[in-house]
Amino acid sequence: MQIGQAARASGASAKMIRHYEAIGLVAPAERRDSNYRDYSADDVERLKFVRRARDLGFSIDRIRDLLALWGDRGRTSAEVKRIALDHVAELEERIAGLRDMVATLHRLADGCAGDGRPDCPIIEGLAGCGASRE
């Protein structure tokens, strides 16, 4: 199948498929005599795997590791679980950071009158000072 069909079947855009090939995440597709890429069912399954991993926020390097483990029948599930749990810990850390940002923004917004005056605690907070600039 051509790249457009592979994109539809895998959920990855043609641009992303080309990118994944360029960075070596997936092997370049075979080429037809017409020089069009020709994707197999296995190629599409690999692209689906990458798409699902990206949807879960895995980095390209981690996806590389997961793809290697996927193809390794001698792997242990402990290796895969470690990667997944490391990723969960990173996500939880990012979530905590986002919650801190939300709390800070709420606090700044709550302190702002939102009226016609120029003084604004939000601007002051972003500037890192207690007084507005003149």
J.: Report whether Leu126 and Val102 are members of the same hydrophobic cluster (ILVMFWY, side-chain heavy atoms less than 4.5 Å apart, transitive linking).
T.: no

J.: Looking only at non-hydrogen atoms, find the nearest pair between Ala9 and Val44 and report the distance.
T.: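 Answer, listing the atom of Ala9 first, then Val44: CB-CG1, 3.7 Å.
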
J.: Could you tell me the separation between the CG atom of Leu66 and the OG atom of Ser59, rounded to the nearest 0.5 Å?
T.: 8.5 Å

J.: Okay, side chain of Asp72, backbone of Leu69: is any donor-acceptor separation there less than 3.5 Å?
T.: no

J.: Measure the CG-CG distance between Leu91 and Leu98 for me, rounded to the nearest 0.5 Å.
T.: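 Answer for the CG-CG pair, Leu91 versus Leu98, is 10.5 Å.
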
J.: Please walk me through it: do Glu45 and Lys48 pass salt bridge (charged side-chain N to carboxylate O under 4.0 Å, His left out)?
T.: CA-CA 5 Å; Glu45 288 307 308; Lys48 284 180 183 179; 3.4 Å; yes

J.: Just verifying a value: how many Å separate Glu90 CD and Leu85 CG, rounded to the nearest 0.5 Å?
T.: 11.5 Å

J.: One pair to check against side-chain contact (heavy atoms from CB on, under 4.5 Å): Ile3 and Arg18. What are the steps and the verdict?
T.: CA-CA 9 Å; Ile3 195 166; Arg18 284 188 214 92; 3.8 Å; yes

J.: Which distance, rounded to the nearest 0.5 Å, do you find between the CD of Gln2 and the CZ of Arg8?
T.: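 That separation rounds to 9.5 Å.
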
J.: Hydrophobic clusters here meaning ILVMFWY residues chained together by side-chain heavy-atom distances under 4.5 Å, can you tell me if Ile23 and Ile63 are in one?
T.: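 Yes, it is one cluster - the side chains of Ile23 and Ile63 are joined through contacts under 4.5 Å.
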
J.: If the threshold is 4.0 Å, N to carboxylate O, is there a salt bridge linking Asp42 and Arg46?
T.: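 No.
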
J.: On a heavy-atom basis, which atom in Ile83 and which in Arg62 lie closest, and how many Å separate them?
T.: CG2-CD, 3.5 Å

J.: When rounded to the nearest 0.5 angstrom, what distance separates CZ in Arg54 from CZ in Phe58?
T.: 11.0 Å

J.: Using a 6.0 Å cut-off, check whether atom CZ of Arg99 has over 12 heavy atoms from anything other than its own residue.
T.: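 Result for CZ/Arg99: open.
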
J.: When you measure from the side chain of Arg31 to the backbone of Asn35, do you find a donor-acceptor pair of N or O atoms at a distance under 3.5 Å?
T.: yes

J.: Let me see the working for Tyr20 and Arg51 under side-chain contact (heavy atoms from CB on, under 4.5 Å), right down to the final yes or no.
T.: CA-CA 10 Å; Tyr20 295 151; Arg51 176 76 257 151; 4.1 Å; yes

J.: Taking all non-hydrogen atoms of both residues, which atom of Arg37 and which atom of Ala29 are closest, and how far apart?
T.: CB-CB, 4.0 Å

J.: Would one find more than 12 heavy atoms of other residues, nucleotides or ligands at under 6.0 Å from atom CD of Glu30?
T.: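 No, CD of Glu30 has 12 or fewer neighbouring heavy atoms, counting only those of other groups under 6.0 Å.
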
J.: Are more than 12 heavy atoms, taken from residues, nucleotides or ligands other than Arg75, located less than 6.0 Å from that residue's CZ atom?
T.: yes

J.: If you take all heavy atoms of Ile17 and Ser10, which pair is closest and at what distance?
T.: CD1-OG, 4.2 Å

J.: Compare every heavy atom of His87 with every heavy atom of Leu56, then report the nearest pair and how far apart it is.
T.: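 Answer, listing the atom of Leu56 first, then His87: O-NE2, 2.8 Å.
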
J.: Looking only at heavy atoms, which two atoms of Cys120 and Cys112 are closest? And how far apart?
T.: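 Between these two residues, the closest heavy atoms are SG-SG, 3.7 Å.
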
J.: Please check: side-chain N/O of Arg107 versus main-chain N/O of Gly111, any donor-acceptor pairing under 3.5 Å?
T.: no

J.: Please report the interatomic distance CG(Leu67) to CZ(Phe49), rounded to the nearest 0.5 Å.
T.: 5.0 Å

